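To keep things clear, I will list the structure first and then write my remarks on it.
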Amino acid sequence: MYSYSFDSISLLMASSVQKLLLVIYFFVFLSIYLLSPTSSLAATIAGDQEIEAAKEAKALLKWKSSLYNQSQSILSSWNGSNPCNWVGIACNNDGSVTNISLGNYSLKGTLHFFNFWSFPNLIRLELRENLLFGTIPSYIGNLSKLSFLDLAYNGLSGSIPSELSFLSSLGHISLDHNNISSTIPQEIGKLRSLSQLILHENKLIGNIPSSIGNLSNLVNLYLGDNELSGSIPEELGMLRALDLFDLARNHLTGTIPSSIGNMTKLSFLYLFSNELSGPIPAELGMLRSLHQLQLWNNSLTGKIPDSIGNLSNMDRLHLFMNELSGPIPSGINNITHFKSFQLAENELTGNLPENICLGGLLEILTVENNHFSGPIPKTLKNCTSLIRVKLERNQLSGNIAEGFGMHPNLNYIDLSYNQLFGELSDNWGQCHNLTSLKSSNNNISGQISPNLGEARQLQILDLSFNHLTGEIPKELGRLTSLTILLLDYNQLSGRIPPEIQMLSDLRSLSLAANGMSASIPSQLGQCSNLIYLNLSRNKFNEDIPSEIGKLQFLQIVDLSHNILAGKLPSQLSQLQRLETLDLSHNRIFGSIPSTFDNMLSLTSVDISYNQFEGRLPNSKAFSEAPFESLRNNKDLCGDSPGLNPCPSTSQNPRGRKGNRVLLILVLLFGSLALLFIIVVISLFLWKRLRDKENESREEQITIWCYDRKLEHSDISKATEGFDSKHCIGVGGFGSVYKAELPTGQVLAIKKLHTPLEAGMTILKAFTSEVHVLANIRHRNIAKLYGFCWHPQYCFLAYEFFEGGSLAMLLSSEEKAMKFDWIKRINVIKGVSYALSYMHHDCSAPIVHRDISSKNVLLDMEYEAHISDFGTARLLKPDSSNWTSFAGTFGYSAPELAYTMAVNEKCDVYSFGVVALEIIMGRHPGDLISSLSSSTYHHLLLKDLLDQRISPPANQMVANIVFLIKAVFLCLHSNPESRPTMQQVSQYLSIPRPDFLEQFHMLTLGEVLGLEAEAATP
């Protein structure tokens, strides 16, 4: 065998040709042997990848098909079997989907049709800022390689699935700004790779799981703006890598755990707006990297720990609205980079930190409502960065001129209710961004500097209750943005400068209790927006200028305790919004003009200690005025207690004889007329009886139609006998049907739920009301065409509006997003105008009783129209008590829970709820019931607004701020403290200057506290 092999090789070597052929055959065989299996394997892998890609494409297309039509069109590039080129999709080198990023695509649908099993290589899933709703499926836990999950800013609800704990690679979770309402699962502590846990602005409940302390890599923890309760777990102190810790705006109780001092890398600590108690732990002084410490709106007690002075990097310290006491620790002077220092509404004492603005960065300083004493810190004088300063209601002393200098960025300052002295500096005029300067109730002396007229942006100037002398400088006439000017209770002298006419935006003017003299200038009539005017306790003389009658918005006038003389100008009766008039202690003489009888809004009057004579005006304000308000006049007469009755006109015998003849003629013709009416009615009733006998029971219809084109048969035909398919809404008092008449007219027919056995009683009651309501003509009130009574039913026929109800609009995500701030404010104004007309301009006041978002209808231009007078009642003096509740729960005034006395103020309250619902985009719910507490006072204004539309800007900010102020006045629990709808509608009509506050920093409490700024209606 061996020799045979040797011989064969020898033979092959013998021929070079044979050697070459052998080599070729060898390599060919080797190639076939080795390469053929590889090609087959490559083909197999390629085939598997195509199958996997097709599987992922199919899963994505299935989810796309489950979305709403508009969302499907957004994903129009999603077609075919290769998803790697689709919008929002990224793949790895093998063609498998690794990234789905579809943030802010307005996708609407659920995740329940998203097949998570089909994406084994998915690393990133980002679907934030869409319109997703429903729950998060538990099988999201099958995305085994997922490291980034962002579902924020959607409408997701339900619970956080505990199956997320299966995703061991997960480093980022964002579920914020949804409606998730469960507890935080304990299993979340298994995600050891997690660096970002963002769950704020949901409805999470229960305790914070202690297992979160196991997340040693966590950098940011956002759990704020939820409904979490219980205490803060000590275990959270184990999060040594944490940079941001947010538990704000929850219901957390107990003390702040000292273990937080272990978070040495912490930069931001937000625990505000909870129910935390006890002292601030000294261990917080170990957080040397801390920039912001926000513990405000809790119930913290004790002193501010000295260790806070160790936080040299801190730029925001917010401890306001607690119960802290004692002095500010001296170590805080070591912190020189403050931008915001807010300790308001505590019980703190001692001096303010001397170095509060040593670094020149301080913007916000609010320490009001404490017991601070001593001087204003010297570093404030050169602090050019200041924007907002609130030092009011303390016991600060020292020279005001030495405390402040040039502040080019200063917007707002309040130094009121302190013990400051000295003179006002000329530098205030150089604060060109200043909108509010308040320094009332101090000991400031000297004259008002003419340079103050250079602060052209000034809207509020309150220097009342000081010791100012001299005249009011004419240069104040340059402050054309001024809305509030309060200089009362000083020692000012001279006259009111005629330049006052330049202040056309002025709403409140008080110069009371000074030593001013001369006449009241007629130029005051140019202050066309004036609401409050108080010139009392001065030495003004001569006549009251008739030009004051031009001030159509004026509500309160006090000219008492002067030496005014002359007659009362009849033009004052043009003040149809005037509520309070005090002319007492003057020398005014003559009779009160008869035109004062028409001043229906006047509720309080004092004309005592003058020389009035003649008849007292025939109005409620005068007839019900106490004698003290009328006494010491020359010869007043009238029906008011304490006054002599006015003498009747004397008549001679001839006149009495003529009257008797006239009386006989009247009686004669009256009898004939009565006889004629009886005959006509008898003939009419006989004819009706005859016609009635010829009709079947089904045709017995009583109908009052105020439009001759309206026929019962047309309505019945248009609704197909009130078939349910024509029903467009159902309420507590009836169902609403859409009726398209043959004439092309479209009506809203409200078929009332009326018991048959109460027929004639209800018929008579409704007849009298409908006659009045049908005559109402107002652009913001739905026109009532008629009322029909039938043995089987009765209905009201209203004007139809294509825009539907306000409630329907706000409940629709798509429609609400088109309902911008201009449209919303116009709707609120429209409702106020309608109610003001009903309450004050109708011959007898009308109370709607059921103002809600369902009863506010919109046309295609978003014009508001109040509808549904089915429960409205005429408010008569003898029928103010109604025996049945007829409003809508959630909108009805709180006093209706214990009394059925309904008046206009019930509508005012309901208007406030509807207006707030428009602002928030949803029913305000618990916010209203918590107004009496401070729970919501530190809610940022931007967080109160409907988040579905862009935030307001520029002029719109001012409108909304003042609107919210008015709305919350309407929601006052005491009906007497609510404004009238006339006041509200006038107030909303006043043009607003640009609001220069930093909108993102404005809180609800600050809005509600804008007494002067808001010109309270």
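Here the structure is a predicted model, which means the values were calculated and not measured. Along the sequence shown, the residues carry numbers beginning at 1.
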Please report the closest heavy-atom contact between [X] and [Y], naming both atoms and the distance.
X	Y	answer
M314	I308	CE-CG2, 3.9 Å
L287	M263	CD2-O, 3.1 Å
L215	L239	O-CD2, 3.2 Å
A59	N115	CB-CB, 4.1 Å
S258	E234	N-OE2, 4.4 Å
A57	P83	CB-CD, 3.9 Å

Could you tell me whether the side chain of [Y] reaches within less than 4.5 Å of the side chain of [X], counting heavy atoms only?
X	Y	answer
I260	N262	no
L295	I280	yes
S144	F166	no

Side chain to side chain donor-acceptor pair (under 3.5 Å) between T135 and H112: does it pass, once the steps are laid out? CA-CA 8 Å; T135 60; H112 288 280; 2.9 Å; yes

Are [X] and [Y] near enough that their ring centres are under 6.0 Å apart?
X	Y	value
F245	Y270	no
Y222	F268	no
W63	F113	no

Is the shortest side-chain N to carboxylate O distance from D946 to R824 below 4.0 Å? yes

Do the side chains of E126 and R124 get close enough for a salt bridge, i.e. N-O under 4.0 angstrom? yes

Quick one about H172 and S174 (side-chain donor to acceptor, distance below 3.5 Å, no hydrogens or angles considered), yes or no? yes

Residue pair S299 / E275, side-chain donor-acceptor N/O under 3.5 Å: no

Of the options D176, D150, N104, N154, which is the one that meets R128 in a side-chain hydrogen bond (donor to acceptor under 3.5 Å, both in side chains)? D150

Are the side chain of [X] and the backbone N or O of [Y] linked by a donor-acceptor pair below 3.5 Å?
X	Y	result
N92	D94	yes
S182	I160	yes
N178	N202	no
N274	T253	no
S231	G254	no

Describe, in one word, how the ring planes of W86 and W78 are oriented to each other, choosing from parallel (under 30°), tilted (30 to 60°) and perpendicular (over 60°). parallel

Mark yes when over 12 heavy atoms from residues, nucleotides or ligands other than H337 sit less than 6.0 Å from its NE2; otherwise mark no. no

